[in-house]
**Student:** 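Just dropping this structure here.
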Amino acid sequence: MFKVIKRLLLLIVILGLASTAVVYGVLSLSLPALDGNGRSNAVVEPVKISRDALGQAVINANSRNDAAYGLGYAHGQDRFFQMDLLRRNAAGELSELFGEAALGLDKKMRFHQLRKRSQIILQTLPDADKQLLKSYAQGVNEGLAQVGYSSFEYLLTGAAQKPWQSEDSLLVIFSMYLDLQSATFERDQALIQIEQAYTKQMVDFLTQPSKYQAALDGSKLAPYNAGIPTLPTQTQHTVKSIEANQERGSNNWAVTGTLTKTGAGMVSDDMHLSMAVPVIWYRAQLNYIQNGKTAQVTGVSLPGAPAIVVGTNNKIAWGFTNGYIDTADWIALNDDSKTWQIDEPIALPDGGVESYSLILSEYGPVKYINEKPYALSWAAHQPYAVDMELLKLEQASTVDDALAIASNVGIPVQNLMVVDSQGGAAWKHMGGIPARKIPSELSVNTNQYSTLWQQNELERPLVKNPQSGRLWTGNSRVVSADDNARFGNGGYALGARSSQIRDRLFEKQTFAESDFYALQLDNQARFLMPWHALLLKQLKADKTKNKQYITALENWQQCACSTSIGYTLVKRYRDEVINILFSNIEDKLNKQQGTLKYVKRDLEPAVWQLINNKPDTWLNPQFKNWDAQLHGAFDQTITKLTEQFGNNVQSWQWGKVNELVIEHPFAKQMPLLAKLLNMPTAAGFGDSYMPAVQGRSFGASQRFIAQPGHLEHAILAIPGGQSGHPLSEFYRAGFSDYVEGKHTPLLPQTLIHQIVISPVK
């Protein structure tokens, strides 16, 4: 019997090894060749595509078109499935890959008709831009063809790889609009519903300016002084957890040459986005000839587009944070408003088609909010939304050159932070801004609609070489209080993060790259200090019962540090107070298919007014008084932490609660592949209201620091590798350096692979 069992176990092991070998064998067939020679009719002169030990693509070409081909070739080899998801997501075409499970998302995206908009915009582009996109697309398709075998994602879904088209690169830019700006019109919808369910006073109360204001001119918005609105009689209901919308944002800051030893300006940029495998950005350096001059541009590209998004040409260096000015309005339609219906066919994997009916108007696509029709006017729907003007930054020599380009670039509006080798530094909005003059966070009547929506705003505020030598943004209001009335609030961040960056910058008089990197990793919990004091005072009312929690709070380290239990308690306590105070409103909005999710980031000032004034109508009926309500929030904090992480408080350390988990999209559906596909987990470091932003699958998608003219010390760290292929030597290259906070060089290191594509003779 023992021998039989032994043989069965041996057979299981052999079968397991065999199946593993088969999996690895199939996967290895789709690995791209990184060395060799090829020919193409898409290039005029030979193009070299080299890679260093991180897999950074180094393109050498004799023209910008040939460089676009080379970048497309590298993207096609390393990231095609990611690119495919980006274009399909924007176009509402994921159901063709994933079936009916994706229909809801596809219908949500078809509302914007971005495939059709991309096709129309492509035809209006200058011939030079059309040719560049064509060269890039041919590079993508030939890089993909070189691989020979479909990647495992297509084998698992059974879908075919469709060729890349020029319009797809515009869809990739539109995908960033969806990621960075959709919260703007979702927030407006929530505010419309709040006004209808309560009053305009309630809207103003919930969205009042905070004490955390960090505009570059130091201006403050007028404080809210209309009092706390009375909440209608609350009924007994279960406290709802109000989800927080992930803060698509970023940090950037800069100093002029007066504050660096080299005399050059220095910029820092870390863009905060959802993290997955592969990470969104792709390291690249483009070397080419333009107008008889050699150009070299190094930074991160977005697979699917032929541009370096954030980077440097060694004369200037630039980075972006999301602008969050108001780029969307809901137009309240009336009985006389002309509307019409169209049907959008959505393809399914089996050849079937799902029809989606969409109502359109002259103002934009129509949605019913509380059973009333509203049309969405949004910058992404306008003809100026997308273009190739960003590429002109590659030829800029000074801050002034970059500022002149900024107003005409078709991307989601960003805070451009730019410095030059001569010591200049400047900020300006870059991207599509509607020229309509009066933005609104609530609905607009049809007679208030402005045809200026169809025009891009060219007159924009800017700040150049400030007397202090310092500039900063962090998704909160950057413009002056006066300009705020013109450009509006599209869902600004609270300002705590921007304020902390600003204050840190004024703590030093000279800066090097290491100083900027330390600021990127600053996780001091300044924002939560009042919450810490409130909770500690509350717990000390019963020192015996709360002894272990008091100890944790007294040793919280005042940071989102991986070993801090106290930080976890304070952060989660704040969440539960908000849940209890606003649960009644959330419940009412949910019944109207609404939510406070997109307004939650605004609530801090209102929360403290309620805590300090303790109005009776805001007392949840399950509590007898306000003290009981605040104690109840902490009891709920402990209950939830225990349910999630057990009753050993050591398992409540912030590094475990906020553990960094970067997953491949397929890993959740196929847990057996998780170890092969996912990045290693890492202890949580950082949080929302501090420069070091990090959630469980969210945070700094890159960390970039550069002084143009002195790039030998420039830094570019990315939380993942270049390749999307799990067997590639570059799949995880650079991840450990990112997690450990190492100064990964921006510039390519020793080149270890090279492909040469020559023209067809």
Side-chain angles (χ1 to χ4, degrees), residues 59 61-72 121-122 124-136 166 169-170 172-174 176-177 252 254 265 267 269 284-302 304-320 323 379 383-422 424-433 456-460 462 464 704 706 708-709:
I59 314 299
N62 278 2
S63 70
R64 186 61 178 88
N65 279 352
D66 282 359
Y69 172 91
L71 183 61
I121 289 175
L122 178 63
T124 67
L125 292 178
D127 289 342
D129 290 345
K130 290 179 184 176
Q131 183 56 52
L132 184 132
L133 288 171
K134 182 179 179 181
S135 296
Y136 175 80
S166 294
S169 291
L170 304 185
V172 166
I173 302 173
F174 274 125
M176 298 309 293
Y177 267 97
N252 63 22
V267 67
D269 189 83
Q285 182 183 83
L286 307 182
N287 299 276
Y288 59 92
I289 308 296
Q290 182 121 332
N291 300 323
K293 296 181 180 180
T294 300
Q296 183 181 86
V297 192
T298 313
V300 293
S301 60
L302 176 62
I308 298 297
V309 178
V310 165
T312 177
N313 62 8
N314 211 20
K315 296 176 182 177
I316 67 166
W318 68 91
F320 297 118
Y384 52 80
V386 171
D387 57 36
M388 290 292 106
E389 294 294 301
L390 179 64
L391 275 71
K392 290 184 177 179
L393 279 182
E394 298 177 6
Q395 301 302 313
S397 297
T398 66
V399 159
D400 286 332
D401 293 341
L403 293 175
I405 293 166
S407 297
N408 296 297
V409 175
I411 59 173
V413 63
Q414 300 289 293
N415 292 307
L416 168 68
M417 194 68 74
V418 59
V419 299
D420 62 32
S421 59
Q422 301 170 35
W427 161 85
K428 188 179 182 181
H429 281 139
M430 174 180 278
I433 300 176
N456 183 40
E457 178 62 81
L458 298 179
E459 297 298 322
R460 308 176 179 201
L462 62 90
K464 173 186 162 187
F704 169 67

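Below, each value reflects all heavy atoms present in this structure, side chains not excepted, and no hydrogens, waters or symmetry copies.
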**Student:** Donor-acceptor pair, D387 side chain versus G410 backbone, under 3.5 Å?
**Tutor:**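 Side chain of D387 to backbone of G410: a pair is present.
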
**Student:** Are any of the side-chain heavy atoms of K315 and P708 separated by less than 4.5 Å?
**Tutor:**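 Result no, sub-4.5 Å side-chain heavy-atom pair not found.
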
**Student:** So, for N65 and A128, which heavy atoms are closest and what is the spacing to 0.1 Å?
**Tutor:** OD1-O, 4.5 Å

**Student:** Could you please spell out the steps behind the side-chain contact (heavy atoms from CB on, under 4.5 Å) verdict for F320 and V310?
**Tutor:** CA-CA 7 Å; F320 297 118; V310 165; 3.9 Å; yes

**Student:** Does the side chain of L302 come within less than 4.5 Å of V172's, by heavy atoms?
**Tutor:** yes

**Student:** Under 3.5 Å, side chain of W318 to main-chain N/O of V309, donor-acceptor pair present?
**Tutor:** yes

**Student:** Rounded at 0.5 Å granularity, tell me how far CG in L462 sits from CG in L416.
**Tutor:** 10.0 Å

**Student:** Should we count NZ of K392 as having more than 12 external heavy atoms under 6.0 Å?
**Tutor:**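 Count not over threshold, so no.
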
**Student:** Can you give me the closest heavy-atom contact between A396 and I405, atom names plus distance?
**Tutor:** CB-CD1, 4.4 Å

**Student:** Distance alone, cut at 3.5 Å: any donor-acceptor contact between the side chains of Q131 and D129?
**Tutor:** no

**Student:** Could you tell me whether the side chain of L71 reaches within less than 4.5 Å of the side chain of L286, counting heavy atoms only?
**Tutor:**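 They are in side-chain contact.
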
**Student:** So which heavy atom on E459 is nearest to which on E457, and how close?
**Tutor:** N-OE2, 3.0 Å

**Student:** How many angstroms lie between atom CD1 of I59 and atom OG of S301, to the nearest 0.5 angstrom?
**Tutor:**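 Between I59 CD1 and S301 OG, I get 9.0 Å after rounding to 0.5 Å.
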
**Student:** Without swapping roles, check the side chain of N314 against the backbone of G709 for a donor-acceptor pair under 3.5 Å.
**Tutor:**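 Checking the backbone N and O of G709 against the side chain of N314, a donor-acceptor pair under 3.5 Å is found.
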
**Student:** Just how far is it from atom OG1 of T298 to atom CG of N313, taken to the nearest 0.5 Å?
**Tutor:**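 It is 9.0 Å, given to the nearest 0.5 Å.
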
**Student:** Look up atom OG1 in T294 and atom CG in N62, then write down how far apart they are to the nearest 0.5 Å.
**Tutor:**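 Nearest 0.5 Å value for the OG1-CG distance: 9.0 Å.
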
**Student:** For the atom pair CG (L393) and OG1 (T312), what is the distance rounded to the nearest 0.5 Å?
**Tutor:** 10.5 Å

**Student:** Considering non-hydrogen atoms only, spot the tightest contact between R64 and L132 and give its length.
**Tutor:**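 That closest heavy-atom pairing would be CG-CD1, 3.6 Å.
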
**Student:** Can you run down the salt bridge (Lys or Arg N to Asp or Glu O under 4.0 Å) pairs that involve residues 399-415, sequence neighbours left out, and say none if there aren't any?
**Tutor:** D400-K464

**Student:** Just checking, any donor-acceptor pair under 3.5 angstrom between side chains of N287 and Q296?
**Tutor:**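 The answer is yes; a qualifying pair exists.
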
**Student:** Taking the side chain as C-beta and beyond, is there a heavy-atom pair between Q395 and V297 under 4.5 Å?
**Tutor:**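 No, too far: nothing below the 4.5 Å cut-off.
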
**Student:** Grab the two heavy atoms, one from L133 and one from S169, that are nearest each other, plus how far apart they are.
**Tutor:** CD2-CB, 3.7 Å

**Student:** Under the criterion side-chain contact (heavy atoms from CB on, under 4.5 Å), I'd like the reasoning laid out for V267 against F704: C-alpha separation, chi angles, the key distance, then a yes or no.
**Tutor:** CA-CA 8 Å; V267 67; F704 169 67; 4.1 Å; yes

**Student:** If you take all heavy atoms of S397 and D420, which pair is closest and at what distance?
**Tutor:** O-CB, 4.2 Å

**Student:** Show me the side-chain donor-acceptor pairs of residues 424-433 shorter than 3.5 Å, one per line, residues at least two apart or across chains.
**Tutor:**
unit_1, atom_1, unit_2, atom_2, d
W427, NE1, N415, OD1, 3.0
K428, NZ, L403, O, 3.0
K428, NZ, S407, OG, 3.2

**Student:** Can you see whether Y288 engages E394 through a side-chain donor-acceptor pair at a distance of less than 3.5 angstrom?
**Tutor:**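 There is such a pair between these side chains.
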
